[in-house]
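Down below is the structure, laid out as structure tokens.
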Amino acid sequence: MANPIYTALPTTIFTVMSGLAREHDAINLGQGFPDEPGPEAIRRHAAEAVIHGDNQYPPMAGLPQLREAAARHYARFQGLDLDWKTEVTITSGATEALACAFLGLIEPGDEVIVFAPTYDSYAPMIRRAGGVPVIVRLEPPAWRFSRADLEAAFTSRTRLVVLNSPMNPTATVCLDEDLTLLAEFCVRHDVTAICDDVWEHVVFGGGSFRPLMTFPGMRERTVKIGSAGKMFALTGWKVGFLIAAPALTGALAKAHQFLTFTTAPNLQSAVAWGLENAAAWFAAMPVDLAASRDRLTAALRREGFVVLPSQGTYFLTVDLAASSVTEDDMAFCLRAVKEAGVAAIPISAFYEADPVTSIVRLCFAKRDETLDEGARRLATARDLSVAARP
Ligand code: PMP
Ligand code: GLN
């Protein structure tokens with residue numbers, strides 16, 4: 001018999017919705033990926049590395065030049081002082097880095113605090129590692145946790161807390177005062193924070209990203225996870241950064257050595273080159289994405305949708321209930337992809353129980369004409385939904 005944690009799991013919503021989008025020839029504003037091909041210079045560097053570079057096993061912890069480049073990158077952008085030799089490991093995407101953190105740090109029965117809506121890989125991997133997810137439910141539209149929430153969630157059994165900011169799917173960025181509060185609880189309860197920082201470069205409004213690792217008491221008790229796929233809009237690349245103080249990195253590296261051992265060397269060398277040479281990219285990307293966000297927001301508002309503010313990520317969310325749609329998010333998303341030719345993500349998929357069911361997530365990392373047509377089709381779906389009301 002198969003493991004019941006996996007047999008009970010549905011197929012991830014991203015695969016389900018992308019499959020339906022293909023089947024129905026729909027515009028895909030569901031799964032989060034840009035429709036531009038990504039920076040050409042970095043792709044050329046990867047191609048060059050495939051032909052002329054070394055294609056045998058790279059070192060287990062990653063190419064030294066990439067680990068050094070990552071340390072320098074985080075010093076430049078986030079003021080972190082990292083020793084690349086003892087604190088930086090390269091993984092096959094943030095997904096592997098998360099698995100390393102859960103497998104490497106959880107002991108059976110440990111409690112792991114996660115915030116809901118919860119990115120869909122966390123809870124199953126926590127359980128598979130023997131942990132018990134403890135869910136703190138956030139409420140729209142602010143999606144913030146309170147001191148009382150943390151008082152109720154942290155216990156003597158808490159081992160880890162998982163923070164995702166900017167947050168997928170809510171598109172919110174954790175405020176400094178909330179980070180300070182979380183750090184206070186981590187220190188008081190001797191808890192390690194797993195920071196899923198994959199969206200760290202997609203923050204709008206000129207605000208810079210502040211890693212929890214820089215808050216008082218957190219330097220030695222934070223695992224910081226990044227994703228080159230997100231940094232460079234090359235989501236298929238699956239090159240991740242796993243960053244932690246040496247004592248934690250030791251355990252994480254043991255998990256990594258038997259999950260994947262290593263990651264494609266040509267992509268690693270292209271990412272290293274990108275980190276050292278793409279200052280202009282990091283400046284332009286959030287500005288370009290903010291323009292796309294604003295375009296989709298305006299188009300949706302013209303169609304009468306209520307759009308919640310998006311502070312970061314490739315995503316914005318629409319409040320269906322406030323937009324005259326009485327169907328739940330899943331029913332609406334199925335109708336939209338099958339009958340109106342536009343795919344979206346129902347955020348109820350980010351809950352195990354008691355979901356918020358009136359909000360859908362849309363990806364705006366798309367060309368203008370795709371966004372305009374997507375908004376029109378979503379309005380068609382809304383009209384069909386209203387017409388079908390009993
Ligand atoms: N965490 C979050 C919050 C994400 O949104 C994603 C991908 N969208 C990942 C992890 C996975 O990142 P990667 O593709 O580098 O594995
Ligand atoms: N994280 C991406 C999203 O939120 C999808 C990643 C995946 O398909 N597993 O859309």
Side-chain angles (χ1 to χ4, degrees), residues 9-22 28-35 38 62 66 70 89-102 114-126 138 143 162-174 193-203 209 211-212 223-243 256 259-260 263-264 267-268 271 274 289 310-317 333 337 343-351 359-366:
L9 268 184
T11 299
T12 159
I13 189 69
F14 309 117
T15 295
V16 171
M17 281 299 164
S18 285
L20 285 170
R22 275 191 298 278
N28 192 353
L29 304 185
Q31 192 178 26
F33 59 89
D35 60 4
L66 177 55
T89 308
I90 306 304
T91 58
S92 294
T95 307
E96 195 222 341
L98 286 160
C100 291
F102 298 141
V114 296
F115 298 99
T118 318
Y119 184 66
D120 67 345
S121 79
Y122 301 164
M125 294 307 290
I126 290 166
L138 308 180
W143 305 107
V162 186
L163 178 71
N164 173 219
S165 171
M167 189 178 192
N168 181 3
T170 61
T172 48
V173 178
C174 209
I194 311 299
C195 291
D196 180 347
D197 290 352
V198 300
W199 297 105
E200 60 200 342
H201 279 288
V202 192
V203 179
F209 174 82
L212 187 63
V223 176
K224 173 178 170 60
I225 292 173
S227 166
K230 296 292 187 301
M231 284 181 182
F232 293 118
L234 296 163
T235 59
W237 272 27
K238 291 289 182 177
V239 176
F241 306 104
L242 183 53
I243 287 159
H256 167 67
L259 268 174
T260 59
T263 297
L267 298 185
Q268 289 195 53
V271 169
L289 282 168
S310 163
Q311 301 160 347
T313 75
Y314 294 162
F315 310 116
L316 60 73
T317 54
C333 286
V337 69
I345 298 291
I347 80 150
S348 58
F350 291 69
Y351 292 81
I359 294 183
V360 299
R361 190 197 84 176
L362 299 169
C363 174
F364 51 72
K366 307 288 173 187

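First listed ligand is number 1; within each ligand, the first listed atom is number 1.
Across Trp199, Phe33, Phe364, a single residue satisfies ring pair (Phe, Tyr, Trp, His ring centres under 6.0 Å) together with Phe315, and that is Trp199.
Numbered from 1 in the order shown, with element, the atoms of ligand 1 that lie under 4.0 Å from a heavy atom of Gly93 read 15 (O), 16 (O). Of all atoms in ligand 1, numbered sequentially from 1 with element shown, those under 4.0 Å from a heavy atom of Asn164 are 3 (C). The contact set between ligand 1 and Ser227, taken as ligand atoms under 4.0 Å from a residue heavy atom, comprises 13 (P), 15 (O). Within the listing of ligand 1, atoms 3 (C), 4 (C), 5 (O), 8 (N) sit less than 4.0 angstrom from a heavy atom of Trp199. Per-residue contacts place Asn168 under 4.0 angstrom from the following atoms of ligand 1 (heavy atoms of the residue considered): 3 (C), 4 (C), 5 (O). Near Lys238, meaning under 4.0 Å from one of its heavy atoms, ligand 1 places the atoms 13 (P), 14 (O), 16 (O).
Closest to atom 12 (O) of ligand 1 among all protein heavy atoms lies Ala94 CB, 3.5 Å.
Heavy-atom distances between Tyr314 and ligand 2 stay at or above 4.0 Å for every pair. Under a 4.0 angstrom heavy-atom cut-off, Thr12 registers as lying outside contact with ligand 2.
Taking only non-hydrogen atoms, the option from Leu98, Asp197, Asp196, Ile225 nearest to atom 1 (N) of ligand 1 is Asp196.
When non-hydrogen atoms are compared, ligand 1 lies under 4.0 Å from the side chain of Lys230 (C-beta onward) but not from its backbone. With a 4.0 Å heavy-atom cut-off, ligand 2 is reached by no atom of Phe33. With a 4.0 Å heavy-atom cut-off, ligand 2 is reached by no atom of Thr15. Contacts between Arg361 and ligand 2 below 4.0 angstrom, taking non-hydrogen atoms only, involve the side chain exclusively.
Under the side chain to side chain contact (heavy atoms under 4.5 Å, CB included) criterion, Thr317 pairs with Leu308, Ile359, Arg361, sequence neighbours left out.
Listed by first then second residue, pairs satisfying side chain to side chain donor-acceptor pair (under 3.5 Å) with a partner in residues 115-124 read Thr12-Asp120, Tyr122-Asp196, not counting sequence neighbours.
Rounded to the nearest 0.5 angstrom, Thr235 OG1 and Tyr314 OH are separated by 6.5 Å.
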